[in-house]
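Notes for the one structure printed next.
Labels below follow one simple rule: chain letters A, B, ... track the order of the sequence lines, proteins then strands, and each chain is numbered from 1. Values in this document were obtained by computation on a predicted structure and should not be read as measured data.
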Amino acid sequence: MSKENILGLPIQEYKGGKSTLCAGCGHDSITDKIIKACFNNGIKPHMVAKMSGIGCSSKTPAYFLSKSHGFNTVHGRMPSVSTGAALANRQLTVLGVSGDGDTASIGIGQFVHCVRRNAPMVYIVENNGVYGLTKGQFSATADEGSKSKRGVPNEIPPIDLTSLAIQLGCGFVGKSFSGAPKQLTPLIQAALSYQGTAVIDVISPCVTFNNHEGSTRSYNYVKDHDIELQTLDYIPSFTPIDEIDIPQGESTDVEMHDGSTIRLTGTKEDYDVHDRNAAIAAINESMAKGEHLTGLLYLDNAKKNIYQEMRLCETPLASLQEETIRPTEETLLEIMNSYK
Amino acid sequence: MSKENILGLPIQEYKGGKSTLCAGCGHDSITDKIIKACFNNGIKPHMVAKMSGIGCSSKTPAYFLSKSHGFNTVHGRMPSVSTGAALANRQLTVLGVSGDGDTASIGIGQFVHCVRRNAPMVYIVENNGVYGLTKGQFSATADEGSKSKRGVPNEIPPIDLTSLAIQLGCGFVGKSFSGAPKQLTPLIQAALSYQGTAVIDVISPCVTFNNHEGSTRSYNYVKDHDIELQTLDYIPSFTPIDEIDIPQGESTDVEMHDGSTIRLTGTKEDYDVHDRNAAIAAINESMAKGEHLTGLLYLDNAKKNIYQEMRLCETPLASLQEETIRPTEETLLEIMNSYK
Amino acid sequence: MVSVGTANGSGSQSANLIIHRALFKMGLPVSGKNLFPSNIAGLPTWFLIRVTEQGYPAPADDTNIAILMNPDTWEKDLSKLKKGSVAIYNSDTRMPVERDDLILYDIPCSKIARGIDSKLAKLITNTVYVGALSEIIGIEQEAIVEALKHQFNNKQKAIELNLKAIDEGRNYIKENHKKNQPWKVERRDLTQGKMIVDGNQAGALGSLFGGVTFLAWYPITPSSSLAESLIGYLKQHREYVDGSKTYAVVQAEDELAAAGMVFGAGWAGSRSMTTTSGAGISLMTEFIGLGYYAEVPGVFWNIQRVGPSTGLPTRTQQSDINFCYKLGHGDSTHPVLLPATPKECFEFGWRSFDIAERFQTPTFVLSDLDLGMNPWISDDFEYPNKPFDRGKVLKEEDLNKVESWGRYRDVDGDGIPYRTLPGNPHPDSSYFTRGSGHDEDATYSEDPEVYERNMKRLAKKHEGLRAKMPQPKIEHSSGKSKIGLISYGTVHTAIEETIDILKEKNVEINYLRIRALPLSPKVNEFIDSHEEIFIIEQNRDAQMFNLIKEELDSSNIKKIKSCAYSDGMPMAASKISANITEKTQIKINKKS
Amino acid sequence: MVSVGTANGSGSQSANLIIHRALFKMGLPVSGKNLFPSNIAGLPTWFLIRVTEQGYPAPADDTNIAILMNPDTWEKDLSKLKKGSVAIYNSDTRMPVERDDLILYDIPCSKIARGIDSKLAKLITNTVYVGALSEIIGIEQEAIVEALKHQFNNKQKAIELNLKAIDEGRNYIKENHKKNQPWKVERRDLTQGKMIVDGNQAGALGSLFGGVTFLAWYPITPSSSLAESLIGYLKQHREYVDGSKTYAVVQAEDELAAAGMVFGAGWAGSRSMTTTSGAGISLMTEFIGLGYYAEVPGVFWNIQRVGPSTGLPTRTQQSDINFCYKLGHGDSTHPVLLPATPKECFEFGWRSFDIAERFQTPTFVLSDLDLGMNPWISDDFEYPNKPFDRGKVLKEEDLNKVESWGRYRDVDGDGIPYRTLPGNPHPDSSYFTRGSGHDEDATYSEDPEVYERNMKRLAKKHEGLRAKMPQPKIEHSSGKSKIGLISYGTVHTAIEETIDILKEKNVEINYLRIRALPLSPKVNEFIDSHEEIFIIEQNRDAQMFNLIKEELDSSNIKKIKSCAYSDGMPMAASKISANITEKTQIKINKKS
Ligand SMILES: Cc1ncc(C[n+]2csc(CCOP(=O)(O)OP(=O)(O)O)c2C)c(N)n1
Ligand SMILES: Cc1ncc(C[n+]2csc(CCOP(=O)(O)OP(=O)(O)O)c2C)c(N)n1
Ligand code: SF4
Ligand code: SF4
Ligand SMILES: [Mg+2]
Ligand SMILES: [Mg+2]
């Protein structure tokens, strides 16, 4: 990797403040991948809006992209604030980070409606199956039977965010693991190129409260049960494809709206990344086996995003000037006349 | 049908106040079916808790079972109040009625978590695709492209509550149409026998705001696009099976925990009411065709309910007496000693 | 006063609006109040029409003419009529009217309607009473025709059909009821240049002219029509020729999401707003606290209805004043605008954005159902007299000029910091917004001193609002009176009449109308210069009275008395004046 | 005062609690305050230990002995020490201490710990300073051993390991630091029969003995430990031998759901509760309004933290008083209990159910982080002195006795209606509960008179609370003093010391502690009998001060002054006394 990216920026320009998370926390690994993905994609840091809710995971936007504006909102409501920001300034790259408690417990309603609305944003869930910041209670993604640190098993079935997103019509759904850098970085890069809401559910072990024997979110458990669906490569639009090492085996290229390409090198046969029902079935099957199926699970590049649906003007709403957005005195008179 | 049910009660004992809904509203037909189902099942009216949120649909508990306690709560939050009531008195039959706005828009979070928790209750969604009570805005179940009364098409994909419930592990999921009495009554009867959360999504045309040409929830549209999955018969535990006319064609009997039987007479081949993935795929396919697949979509009789998971005592919590729930003075002394 | 009792969903609203506008077209300052149920069709509805030379907008005590169309309320409506009142009734409902002390007009509205068009009869049954009333009280046909055109947007067929119903209504009266009754209307010239508009339309227009670019909302009575009017105006006036929009409207999944979107858009630099009521405000509580502490602009319209809880969703009240002013856990206070008329809804509509952006804080506009949903005779709105105030936003070039910058520094000593917008390319522009503790440079901090300093700055900022919010208005001054009256919001519209009633009783009062919170020092001055002060408001708990106690000079507190009450109806002047004469300790000055 | 500065997650909490309990075991009424960050590991934490003959629980102004373990706060902590103070520091962090005006004790904690057990070194590094401190100030070994046993629940291995670390800490000091320093502890007999308990444990126990059957909660600092303690007690004391439970606990998906479940369970007849803080209360707003208006019991613990918004989640404040008291849109008011000590948390824990069920209304208990999460020396709790009061619930047999029944009728003239529970087989028992307008028989109504009558009844019910809630206590009376002091909640724990400080300055004061809202008339009596009143509270906006202004006799208002402030730390007595001496207008009476 070269020391500077396409914009001539060093990776330092994509870093953030010092992390205050526990040493070894999965979230910190994801932070690294976000930094790398933004660097690789040559994103202008000042054009990113970093959004989050509340939780250890939601603190991480302070630890990457310090040149970007960030908004650490309230618990479970990142999606709505992000939607507002995305609509107010359509030129921004909205990058949302949330936790499993933040998204699947208190925030599941906003998650569902966000996915339906399809405002352009990357929505990363740093999923450890517990509430880290409040000291380890189960969240709504905790697997049935997974044991808490005190040995108490979780009794309620988990919400799987990936199948839920696919069922709700989300056009980009990925799953990964904080311990799988080769997969996660290109996945985030691809998500950054997607024109609508791109959801990535990343298993991210909480080393303090959910990394013990009996937990299905411990680093070791996930390492052993991670089934990578395919090998992923992301080729930015500015990189000529022939500069890329063509990986061995059969591969499919998917072109994104911004001209970049995702190269999927198949490991699982018969998996069609565009088939909604098949994706859901595959996820359900792997869950039933206690496995985590990771990779790009579903992609629909034809879906209209909210800007298109709304016919939003090209200029960011936030930049429109008084002349454009305050109608004239004559208009007021006309309107008033119609009430006379 | 005899004039009195197994308890010797006439159907009048199951009726409620006069409806204040618009003449012809689908919700009123559902009210009739609820009355009939409770009558048929021989439910003791005073043992029913009628729960609802806010909306035209949520008003209906005032129009049935006037001998039951009812709670018209706040918008979108019927599930949580119902969960509290179900846990406080496990002998109650909790019968929740909600609207599509109440459940799929503001209430989707509580719906999701309610289904996960699996407290025994019947959860009926009276689904008209609009907010009736606030005069016809689209709800989150409105089909993409369906037109409002003013001709404006809905631009966002709908939330289908049945596939969502199945995906979330709900053990009893049905769909019906307010204009299909033969199907809806036994479906409600069966739901009343289910030991966990039973969801029934009932298409219920809003004759005032969503019954026009171009709407996919109008009475005529639904009548034409209603694909009945199977013919349903419900045989209460107190009715000897041989007293029942055995319907023609192949049929399957499913026994419920309370000893009653659901008889499914197949119309669609290969449909296995116990196969989660297949059910979701079938629903998605029918939606893609603009059809409403109705009937008992999914059933899992093996699922533990919240009482079992919690190991709740048999006596209703609300009936426990001071001797049982206030520990003794000695206990207090012991506990205090442990802090010394 | 004319009271029309019908059933909801029977189309009576359009008949009533025709009467209302026809009277307006006759130059009469007519008041109209629609009392509708929380239901779509079938439940009782009343429409109150009042015509006075003075144009009193509040409802009167007595109904002089009752139009009885609804069998369900027939008896109760009748029983309320005083001797000598007029009752016009649909004789097809076959209810005999058994009061011989009334002046009775029966008319077979349903039959007449069926005679005109058997299929569309339902649509015009109510129009028949429009004709009957017109004939009885003397509404000019020309005015009726104008009103019809307006109501049906010049759609010829509908106009003709309704006109026929009106004519037959008139004829029936002419032919069958040749009696006298005391209430007649006559043309005046009192509505020249005025318009009929409701507060929600006015607020929507104000927002439009305030340059709103973002609206997120969730339907709730009585606020929905503000959002829906605004959507209509935006479509007409804020789209490019290619159909692309200079605004975004999101119908959110609930009020939490609506509030979140408002703050997201406000944070990113959009003029953003929502409109809600009752439970909607309660659900926004957490987000309002975030907006306050993180200092994000956003405009929040609350069209107040009757609480608590679901309450009476279609009735009016002023009971969220205190709640909105301090909304959120912890110490927090917000600017609140209190419009009293549609004209003020328009003005506060655009001004609210200036306040929200200048002070970088959630800003409330508290209207109510009476103001928002009833038709009002209004003076022309004034085109905004100043350009947008977008507040302290630093652009790239501004940052080039300053040596260093910190998001929450109090550079100007007014407690208001500077902000930058996402997308600003200057290398120093970024900052991190959070609802948790932060220092002057927006860095996370749990330091006690930093926390206290920040909170004190926020309090200072709030203090600054006192002088910058719309100031209270002395609406009536009778010179040396010792009694002062204070109100706000729509209660105002009953006060002019109250003053007149009191004058009749030789009680002179002065009257100050509060237009915003926090309270201006002028309220104190007003109290200072009187011996006794009555606070008139429409709630149970005397919310403004308590805020005045809280914020103002304690030496004045003994002087103030509360006349708070609410039954969900717009306040009547007679009740207010009775309340005052009952409570006053001051010997009534005989007029010299 | 001893201040221990460590990093969060380093295990220092257990070391500090050992010191705390060892001092307690020596008969010393020791105060302990844990100042922790909103983070799991790595950020600075301090533990303040204060020993006074009087047992003052509030933190002191100065640190006499600082234990420096965290390089990140090292310098700041040092710089705050006055001349002559003691600093004990981990010399393995290799930070020279460059202050020769201090009494210094270096000790290689890390090295010693590694020497004992290289693998478990991290766990015992902090225990080494326990030994060092014990040696320096004279904590008896016997007390240490008892504390260790308690801390490690008699687990032999852990006790031995830690004991070794303590011994080596002691030895290191003995061998290397033969100096004198002025702070020593000596055995007393002041904690006999007392216990160490935090307010959340006490509240949980109170709930247990109040017969709670339903808990719905969502984790949030600093309330989680109340729920978690309660779960522990319930498991131990409320399960049948077959493991079946006489209670239900639901970890809800959020606070809206938790509140909904509480009301569902309360409506169905369970003693139900939740516990939350900050944002959680904001999210419950809509439901609280429903509970108020539909009259459903439920107990709501709010362990207050620093707002607004996310604020400082691990710091303490009393800033939700006004908010909770009036929570909800529309006119609404709720009973609020204000415990000041763990003993009172216990008492209000069980009493809150009686109030909620008697008054059929959501009932708040407002504790705070300082009270809830710090270890307190407490007197024994008193076993509830009366049986459950389950309020006006009509069973089948009761209904047989009455002629007719209506859910919201004011039969007894106290505004409190009768209710029935679902499942009651009597044919008249059912009724329909709603948050919308309803009449005496729970039938839907939009009638203005019905609405107003119902709201007045609710106000009457609320008035009834004044006499029925825990009454204010005169905690200190010096007879003829003209100055009165009023506080509530944990601020109380600094007031005894404040009184002593003021006495030293010849200022005599009387002191009343408020224990609940609405305010008792006794507060007015207290104000009446003084010339000047100070309201001490821990928030910016003087919330109790304003409530007193609002609710009490206006002739008294001029007398009261606010000493409100908050920086998130427990209040220190010196600040309060300084505030009073600065603000008083009364000439200080010289002691005779
Ligand atoms: C409304 C509200 N309720 C509760 C909390 C307390 N709280 C803070 S973080 C958190 C859970 C975070 O869990 P998750 O999103 O999984 O993040 P993690 O810490 O595991 O990364 C909770 C419940 C809060 N901040 N706001
Ligand atoms: C918190 C809140 N927001 C908004 C409303 C206004 N409101 C009342 S009913 C309703 C929608 C009801 O729609 P649905 O559940 O589909 O019921 P329907 O009337 O169509 O049967 C809304 C938005 C409310 N009562 N509470
Ligand atoms: S508590 Fe868990 S999630 Fe939070 S920082 Fe530590 S390891 Fe990460
Ligand atoms: S508005 Fe629609 S949903 Fe409501 S009662 Fe009328 S027909 Fe039914
Ligand atoms: Mg988590
Ligand atoms: Mg609906």
(message) Take a 6.0 Å sphere around CD of B:Glu213 and say whether it holds more than 12 heavy atoms from other residues, nucleotides or ligands.
(response) no
(request) Kindly check if the number of other-residue, nucleotide or ligand heavy atoms within 6.0 Å of NZ (C:Lys33) is above 12? (result) yes
(request) Kindly give the heavy-atom pair with the smallest separation between C:Ile40 and B:Gly132, and that separation in Å. (result) CD1-O, 3.5 Å
(message) Testing the basics here: between B:His75 and C:Tyr218, what is the closest heavy-atom pair and its distance to 0.1 Å?
(response) NE2-OH, 2.7 Å
(request) Kindly say whether C:Pro219 contributes a backbone atom to a donor-acceptor pair with the side chain of B:Gln137 at under 3.5 angstrom? (result) no
(message) Could you measure the distance from the NZ atom of B:Lys135 to the OG atom of C:Ser225? Nearest 0.5 Å is fine.
(response) 10.0 Å
(request) Measure the spacing between CG of C:Asp254 and CG of B:Asp102 and express it to the nearest 0.5 Å. (result) 11.5 Å
Check each atom of [X] against the heavy atoms of chain C and say whether the ones under 4.5 Å are side chain, backbone, both or neither.
{"X": "B:Phe209", "result": "side chain"}
{"X": "B:Cys25", "result": "neither"}
{"X": "B:Ile108", "result": "neither"}
{"X": "B:Thr208", "result": "side chain"}

(message) Just so I understand: if I count every heavy-atom pair under 4.5 Å between each of B:Ile54, B:Leu21, B:Thr134, B:Val74 and chain C, which residue has the most?
(response) B:Thr134
(request) Could you check if a side-chain atom of C:Leu283 sits within less than 4.5 angstrom of a side-chain atom of B:Ile106, using non-hydrogen atoms only? (result) yes
